[in-house]
Amino acid sequence: MIDNPEKTARLLAALKAAVPFKVELVPSLASYLRAQHIAFADQTEHVVSNLSYAGDEGGIVCHIAPPDKEEALVVSLTQVRVDRPMPLASAVAEYHNHRVKKLKKQGRSLDIRSFA
């Protein structure tokens with residue numbers, strides 16, 4: 001098991017209560033999206049409109065859906081960075097570090113190309 005179910009549920013609930021909030025895509029994801037000609041990569045900041053849990057395999061995912069577009073992006077919380085002043089920034093960083101550590105122990109990667 002990668003995620004701690006109780007801690008993850010509490011973080012997900014807190015993040016949902018904080019919606020909408022701004023995030024920035026990690027550089028590797030932004031580069032990947034640009035290479036795929038996906039317009040989301042052209043913006044630096046994105047607004048999370050919802051969140052969900054994709055099971056232990058996918059973890060917490062952010063829904064980025066601009067109100068004026070038909071397109072949406074659903075991306076792992078580990079593939080975005082929240083602003084440090086956000087009250088939940090340290091909890092998000094802790095979640096990210098925990099998932100990365102667990103995935104590495106399992107010999108898996110967070111490289112976005114592995115999900116394409």
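To the nearest 0.5 Å, atom OG of residue Ser28 and atom CD of residue Gln79 are 5.0 Å apart. A distance of 7.5 Å separates OG of Ser90 from CG of Leu88, quoted to the nearest 0.5 Å. In this structure, NE2 on His46 lies 7.5 Å from CZ on Phe40, to the nearest 0.5 angstrom. Separating the CG atom in Leu51 from the CZ atom in Phe21 is a distance of 5.0 Å, to the nearest 0.5 Å. In this structure, Leu25 CG and Leu33 CG are separated by 6.5 Å, a value rounded to the nearest 0.5 Å. Taken from CD1 in Ile64 to CD in Gln43, the straight-line distance is 9.0 Å, to the nearest 0.5 Å.
A continuous path of ILVMFWY side-chain contacts below 4.5 Å connects Val75 to Tyr53, so both sit in one hydrophobic cluster.
Between Val80 and Val26 there is no side-chain heavy-atom pair separated by less than 4.5 Å. Looking at Asp3 and Tyr95, their side chains come closer than 4.5 Å, going by heavy atoms from C-beta outward.
Tested against Lys101 for a side-chain contact (heavy atoms from CB on, under 4.5 Å), the candidates Lys105, Lys104, Arg99 yield a single pass: Lys105.
Annotation: salt bridge (Lys or Arg N to Asp or Glu O under 4.0 Å) contacts involving residues 76-85, sequence neighbours excluded, are absent.
The two atoms that bring Thr78 and His96 nearest to each other are O-CD2, 3.3 Å, heavy atoms only. Closest non-hydrogen pair, Ala41 versus Ala30, comes out as CB-O, 3.4 Å. Contact between Val19 and Val48 at its shortest, heavy atoms only, is CG1-O, 3.6 Å.
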I'd like a table of donor-acceptor pairs (distance under 3.5 Å, sequence neighbours excluded) in which one partner is a side-chain atom from residues 7-15, with atom names and distances.
{"from": "Lys7", "atom 1": "NZ", "to": "Glu94", "atom 2": "OE2", "distance (Å)": "2.5"}
{"from": "Thr8", "atom 1": "OG1", "to": "Asn4", "atom 2": "O", "distance (Å)": "2.8"}

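The other residues sharing a hydrophobic cluster with Val61 are Val74, where clustering joins ILVMFWY side chains under 4.5 Å apart.
Partners of Glu45 by salt bridge (Lys or Arg N to Asp or Glu O under 4.0 Å), not counting sequence neighbours, listed by chain and number: Lys22. When the side-chain contact (heavy atoms from CB on, under 4.5 Å) test is applied to Ala65, the partners found at least two apart in sequence or on another chain are Ser49, Ala72. Ser52 is linked by a side chain to side chain donor-acceptor pair (under 3.5 Å) to His63, counting only residues two or more places apart in sequence or in another chain.
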